[in-house]
Every structure is written in C-alpha cells, then in structure tokens.
Amino acid sequence: MADVRQIVIDIISDIAPDEDVSSIDDAKSLREQLDLDSMDFLDIVMELRKRHKVEVPQEDYPKLASLQSCVAYLGPKFAAAPV
Amino acid sequence: MSDSQRIVMTGIGLTAPNGNNLAEFRKSLLECRSGVKHHEIRYMGKQVAGMCDFDEYKYQSKKLRRRGTRAGSISIYCANEAIADAGLDWASTDKSMVGVYLGITEHGNVETEEEIYQMHQNGLDWKLWSPHHNPRTVANSPAGEVTLNLSITGPHYTLGSACAGGNVGIIQGVQQLLLGEVDLALAGGVSESSQTFGIFAAFAAQGALAHHDDPTRASRPLEKNRNGIAISEGGCVFVLERLPDALKRGAKIYAEIVGYAINSDATDFVNPNGERQVQCMHKAIRRAGLTPADIDLVNMHATGTGTGDVNESQAVRKAFESSPKTYVNFTKGHIGHCMGAAGSIELAGNIPSFTDGLVHPGMNCAELDPECEIPNLVVNEPRPVGNINYILNNSFGMLGINSALIVKKYQA
C-alpha cells in the first residue's frame, strides 16, 4: 500500500525546496507551517496527477489542508488508482 | 547639453558563458577563453552551445526560482550584481523611480516546449499544463521577476527586438531617464535561448547552426570556414543614471552614453541589409555629434553566418572608410551568440578598454575570409592601442532591426 504521507511530503519538498519538511505536525494546516500559497497547492494537485494518476477535483482542494487530511482523503484514491 | 541630459553607466552585472562578472569576462576575452561547449539538446543530441554557470540561488530562493523562468533567474542575478557593483544604498533608494528595461530576442519558448514535452510524456493529458505557464511566458516576465525580487515599483517591461535586444534595452533606459520617467534604470538584455531546442532546430534547418569537433572553435565569425551560429544564453544589466545623480553619490562612472540609433531594413525576414546598417551607425554617430573618425573601437555583431558576416564587414568598411584609425573587434567567437543579451554583454566586455587601453581580439579567426577583411581588425590576440575614448557597439536582429550604441570614456 502506498505511503501517502511520504508521497505528499516528497511532492512538497520539490515544490517548496527551501522548506524544512522534517518536522511537520500532521494535524496542523500545512499553510500554517510552511510557506505555501494557492499556486503551490495547484502544483501539488498537478504532481499527484502526473506522478500517481490520482485526480483531485477542485471542490476537494480543501481536503489537502493538512498531512492528516491528505492521508485520509488520498488514501482511498491511491488504493483505487491504477498501478 | 546640461548635465541632467547626460546619462552614465555606474554599475554592471553580467553572466556570460565564460564569466559571471565583468572582471572574469574581460579576462576571458583577453585570454581567448571560450565558453562554448558541447551540450545535450533535447531530441537533437550533442550540439555546441554557450551555457552560464552563475549561482542561481545567490539572490533567489529555490522556490521562486522554480516558480519563475531561466530568463528571470539570469535577469535577477544580473540586476542584483549591477546594483551591488554600483554601490547603491538600495534600502534608501526610491523604488518607485526605478525602471527595468530588458531587451529580449524571444521569451516563452523554453517554458512552452517543456509543457508540451511533459504533456506528450504523459499521454497528452492537457490537465497537466502548468498554471504557471501564463505568468512565466508573458513577454514582460524577465523584467517583472526583477521587480518582484527587488521590490521595484517603477515601470518594467521587455523590449522584443530579436538579437538587437541588448542595445535596445539600454537605449530604452536612456530615453526614460531623459524623459524623467525614472531616476535610475536597470537596463540591458537577457537571453535563455540555449535552453530551447526549437532555436537550435530552426538554425539547423537554415544551415546556420555552428558545429565543430572542438566546441571552443565552433563559433568563428569572419573566419573563412565558419559554418554558423553557436547559440548561447546570458545576460547583462547596467545601472544607468543622470550624471548629476551619479556625481552626487560619488559613484564610479564606467562610461557615458552619447549616441544611439535603431532602424529597420524593411527588406527581408532574416537576411541583413548592409546599407541600412551603415545608415544606423552613421545616425548614432551624428546623434553623438561625432564623425566616424572619432570612433576608436567598433564591436561588430558578427554572428558567424556566411551572409551576415560579409554584409556587416562591407557595412563597417563603408561606414568607417574615412576613419583609418578605428579599430574593429567582435565577441561571439568567445561566447557564441547570446541573442537578446549579446549587445549588452559585448558592450560590457569592451568598456574596460577605456582604462586598460587594450582591444580584446575576435577569437577563432584562423584564416580570415577575404570578403570580411576590415582595416584595423583585431583578431586572435589583444592589441594595446593606448587611449580609447569612444566605442560603437553594433547589434542587429531578425526582421531587419539594427541598433548602434556609442559610449564615451567619462570626462567631467
């Protein structure tokens, strides 16, 4: 099973390479902890689609707010995604 | 002319394939050190090209570098270097009276090619097209990135002027200072052309892409066996000020800009028109209140193409036929063709001759093409010539845009 948490962290590391991603609080909003703006979240969505064929519709973008919510939301999608 | 109508250069920031500041670049020019190497170009494989190796993160975060463009990154580096070189107290500078004027050959090809490539690699999924595509490819992007980086709130734009861009950006800066639109201009040219495969393929299709087993010898303007253009990237930004402002803050003054001209061939998409080039040079000389005999040094555009070099050689011979003491050199043998940055970079490379009295040579001219013979052409090794007071810098581009810029050794 895909390690969704690590997948999201890897993407954030590429999108915001100046940020320290080693001590993110999973329960807290990512934007509270990291210098991420709305365009960065579009990039996260884009990379999920490009790298993992996982689609996130626009109305679900708020579900990517924290690492915890990412795992909860993306977990089933990764489980269902084509390998 | 009142001093407030005199525009001077007080800072230079540059990156070229063989140097990341003026001192390094000048040394490379005098020592005939090429910056052209073999590089892998998408689809085409090994090609000669000039790439810059400046530190992209010296003035920019990794995130903003990723968000922006290569052209923006080059521009930001050059602008910051120029400001530092000028000794400006940036914190107290009125940013609303600073303008950014950058000449470009083209912009957006690198980003567009990359998006198409990525889409093609991913099953033509158009939803993978980046939301950054538009801000990256709008034509003002390289200049706009400089304003974001330096908190400049004055005007910014690029001047789309093909390979005349390096001169045209400077001319725009001069004009805006003369109009009183700004008090300080960051002006020059920038190019990321060597990052895009399309420009290589197009020059190859024209039979105008340089090649040689030894890449350092590929770019050889005026040479009998030249076979085209070595495509390069680079940038050069000058700090321009009105003379009284420069004097007031005790700035070092590299040169005064005393003449310029831009005209159009109106004859062909790519082939140059030597007669118009002569007219352009003479117009710049007249504007400066000079005669051809006053010009000590001419930097040719000289790209290494068959037709272009012959045309320009004829034009320079004609323009300076009454001037037996004018020296002539060219720069693209060292660095290839830096496209929209070429005019600015090449001008910067000659400015130290005001103080060292040397004319740097055109490089790689093993056997001069008889059709390109020009009196006082300096090739292959530097020539000490003593006092140099005026330099004329040629920069020409496709669609028949010609530009000539004249700088003078500063005298109070």
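Below, chains carry the letters A, B, ... as their sequence lines are ordered, and counting in each starts from 1.
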request  = Please confirm whether A/Phe41 and A/Tyr61 have ring centers closer than 6.0 angstrom.
outcome  = no
request  = Give a yes or no on this: more than 12 heavy atoms of other residues, nucleotides or ligands lie within 6.0 Å of atom NZ of B/Lys46.
outcome  = no
query = Should the ring pair B/Tyr101 and B/Tyr157 be called parallel, tilted or perpendicular, given that the plane angle runs from 0 to 90° and is split at 30 and 60?
reply = perpendicular
task = Please state whether the side chain, the backbone, both or neither of A/Asp35 comes within less than 4.5 Å of a heavy atom of chain B.
result = both
ask   = Going by heavy atoms in the side chains, are B/Ile231 and B/His39 under 4.5 Å from each other?
value = no
query = Of all of B/Arg65, B/Gln121, B/Lys62, which one pairs up most often with chain A through heavy atoms under 4.5 Å apart?
reply = B/Lys62
ask   = Under a 4.5 Å heavy-atom cut-off, does chain B meet the side chain of A/Glu19, its backbone, both or neither?
value = neither
